[in-house]
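In what follows, every heavy atom counts, from backbone to side chain, and hydrogens, waters and symmetry copies are set aside. Throughout, a chain's letter reflects where its sequence line sits, starting with A, and its residues are numbered from 1.
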There are 2 protein chains.
Amino acid sequence: MRILIVEDEPKIGNYLRQGLAEACFVVDLARDGLDGLHLALTEAYDLAILDVMLPGIDGWQVLQGIRRSGKEMPVLFLTARDDVDDRVKGLELGADDYLVKPFAFSELLARVRTLLRRGGMAKEPEFLRAADLELDLMRRRVTRSGKKINLASKEFALLELLLRRRGEVLPRSLIASQVWDMNFDSDTNVIEVAIRRLRAKIDDGFDQKLIHTVRGMGYVLEATE
Amino acid sequence: MRILIVEDEPKIGNYLRQGLAEACFVVDLARDGLDGLHLALTEAYDLAILDVMLPGIDGWQVLQGIRRSGKEMPVLFLTARDDVDDRVKGLELGADDYLVKPFAFSELLARVRTLLRRGGMAKEPEFLRAADLELDLMRRRVTRSGKKINLASKEFALLELLLRRRGEVLPRSLIASQVWDMNFDSDTNVIEVAIRRLRAKIDDGFDQKLIHTVRGMGYVLEATE
DNA sequence: CTTCCACGATAAGGATTCTCATGCGTACTC
DNA sequence: GAGTACGCATGAGAATCCTTATCGTGGAAG
């Protein structure tokens with residue numbers, strides 16, 4: 001699988017190249033937008049990773065150039081934390097996914113694999129919803145009935161999992177593996193505690209409870225009444 | 001690559017099978033020692049993952065049976081946190097690596113890959129040392145001049161990295177990627193803070209400092225005088 | 001030699017997350 | 001129906017880790 005990286009910061013670029021090479025990808029690295037676009041048009045890649053902020057022409061323009069040429073490989077955008085609008089714009093222009101800097105390499109790898117598996121079709125959704133609860137994946141923000149709710153990172157990860165598999169009863173083992181990178185320790189109740197904290201933030205004070213306990217099975221997020 | 005798992009707890013066994021299958025390994029799962037040994041002897045595996053506590057014959061006996069038959073594939077042991085002696089025994093019997101339950105799946109995967117890459121030769125060391133500092137990888141314990149030092153997990157990971165590459169100057173970017181799963185955020189000083197905490201525990205109060213700052217480069221652990 | 005600046009050290013504070021202890025409710029047994 | 005065991009809920013406390021702010025120091029430039 002061939003991947004094109006367009007990234008001007010040498011530290012990041014080299015790290016990505018090295019990390020992806022170790023994961024058995026063939027990687028080309030371009031240091032600016034022009035080089036990147038040129039490579040993208042003359043070579044055949046299965047995926048492109050574009051930084052938004054680039055010297056010369058920026059990531060959007062590279063993306064536009066790629067799409068105009070008719071190339072359809074999936075594109076993953078790298079954006080700075082604050083430039084939310086950039087992210088929206090990138091998705092509108094035809095990016096398939098985005099990643100906010102700073103990010104964990106494992107996160108990048110996971111997304112790269114996902115994009116390659118499904119060939120770039122079916123973009124990442126931007127929102128997850130259930131009843132009046134809304135989770136904004138891009139902005140990493142959560143609201144219920146329009147009211148902003150602040151979630152810590154574990155809380156967010158847990159809610160994201162519950163929402164992605166809304167209606168399914170998720171056993172603890174699954175939750176542990178997804179949110180905690182797996183932990184077979186039975187003598188801990190981190191999950192209960194985390195659920196408790198999450199409930200306090202998204203269910204307490206609301207009539208309609210969204211998180212339900214299924215005794216002996218696990219937890220579901222459901223908007224049934 | 002074919003992997004044999006011998007694990008009686010269904011939760012763990014299934015999870016391992018699934019996770020390793022997703023990582024493109026061919027996996028067989030045995031629920032007890034006898035089945036496991038039988039499979040190990042009749043089929044050809046590139047690696048075996050053995051739980052110590054098993055119904056019927058235990059993990060050591062399976063290992064002994066494997067070795068007696070002349071099979072040399074690498075063996076990774078899974079042990080409970082408390083049974084330290086078990087771990088030592090396992091290594092003496094010819095295991096190549098061990099993992100303490102509970103563990104992160106990513107950790108397991110990393111070790112599996114390492115073992116497969118080097119074909120099981122060259123066992124994991126049990127200790128890392130520098131001057132009078134000793135890090136016990138199995139017990140996850142650290143002593144200096146024989147005095148026990150309690151380290152938090154990040155501190156331990158950092159010290160382990162420094163010790164594994166003792167004498168090398170490690171740039172921040174490397175440390176960040178290894179200990180923090182990479183983080184390109186420049187406006188944080190987590191590393192300095194972590195180094196500080198680590199120094200407080202292993203260098204403060206000792207004449208011979210082990211952690212040295214190399215201005216503009218990074219940090220080294222060295223026992224030079 | 002002095003000044004300035006970048007880099008690192010350090011302290012303090014806060015946020016997050018885990019552990020532990022305990023309470024409650026449900027389901028099962030007798 | 002009473003007793004009991006188990007699973008989950010909850011609260012309190014602590015450990016760990018990160019952020020921010022400030023200070024110090026070494027090295028380069030003038």
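- Using a 4.0 Å cut-off between charged nitrogen and carboxylate oxygen, B/Lys209 and B/Asp203 do not count as a salt-bridge pair.
- C/dT10 atom P lies 11 Å from atom CD1 of B/Ile195, rounded to whole Å.
- To the nearest angstrom, P of D/dT20 lies 10 Å from CG of B/Asn189.
- Straight-line distance from the CZ atom of B/Arg197 to the P atom of C/dG8: 18 Å, rounded to whole Å.
- Within residues 211-222 of chain A, the residues approaching DNA chain C are A/Arg215, by heavy-atom distance under 4.0 Å.
- A sub-4.0 Å separation between OP1 or OP2 of D/dC17 and a side-chain N or O of B/Ser153 is present.
- Ionic pairing of B/Arg199 and B/Glu155 is not present here: no N-O contact between side-chain nitrogen and carboxylate oxygen is shorter than 4.0 angstrom.
- With rounding to whole Å, B/Ile191 atom CD1 is found 14 Å from C/dA9 atom C1'.
- Rounded to 10°, the helix from C/dC1-D/dG30 to C/dC30-D/dG1 has 20° between the axis fitted to its first five pairs and the one fitted to its last five.
- Nucleotide C/dT16 holds its C1' atom 8 Å from the CD atom of A/Glu155, rounded to whole Å.
- As a whole-Å value, the separation of A/Arg172 CZ from D/dC8 P is 4 Å.
- Atom CZ of A/Arg199 is separated from atom C1' of D/dG11 by 16 Å (rounded to the nearest Å).
- For A/Val193, the listed nucleotide lying nearest its side chain is C/dC18; candidates were C/dC18, C/dA9, D/dC18.
- The phosphate of C/dT17 has neither OP1 nor OP2 within less than 4.0 Å of any side-chain N or O from A/Trp180.
- B/Glu192 has no carboxylate O lying under 4.0 Å from a charged side-chain N of B/Arg196, or vice versa, which leaves the two without a salt bridge.
- Looking at A/Asp8 and A/Arg31, no side-chain N of the basic residue comes within less than 4.0 Å of a carboxylate O on the acidic one, giving no salt bridge.
- B/Leu170 is not listed as a side-chain neighbour of B/Val220, based on a closest heavy-atom distance of 4.5 Å or more.
- When the shell of 6.0 Å around NZ of B/Lys147 is examined, it contains 12 or fewer heavy atoms from other residues, nucleotides or ligands.
- Using a 4.5 Å cut-off on side-chain heavy atoms (C-beta onward), A/Leu16 and A/Phe105 make contact.
- Salt bridge B/Asp132/B/Arg144: present, at least one basic N to carboxylate O contact under 4.0 Å.
- When distances run from any side-chain atom of A/Glu192 to the nucleotides C/dC18, D/dC18, D/dA9, the shortest one goes to D/dA9.
- For A/Arg141, the salt bridge (charged side-chain N to carboxylate O under 4.0 Å, His left out) criterion is met by no residue, not counting sequence neighbours.
- For the pair B/Arg196 and C/dT10, the criterion of a side-chain N or O lying under 4.0 Å from OP1 or OP2 is met.
- To the nearest angstrom, C1' of D/dC17 lies 14 Å from CG of B/Leu198.
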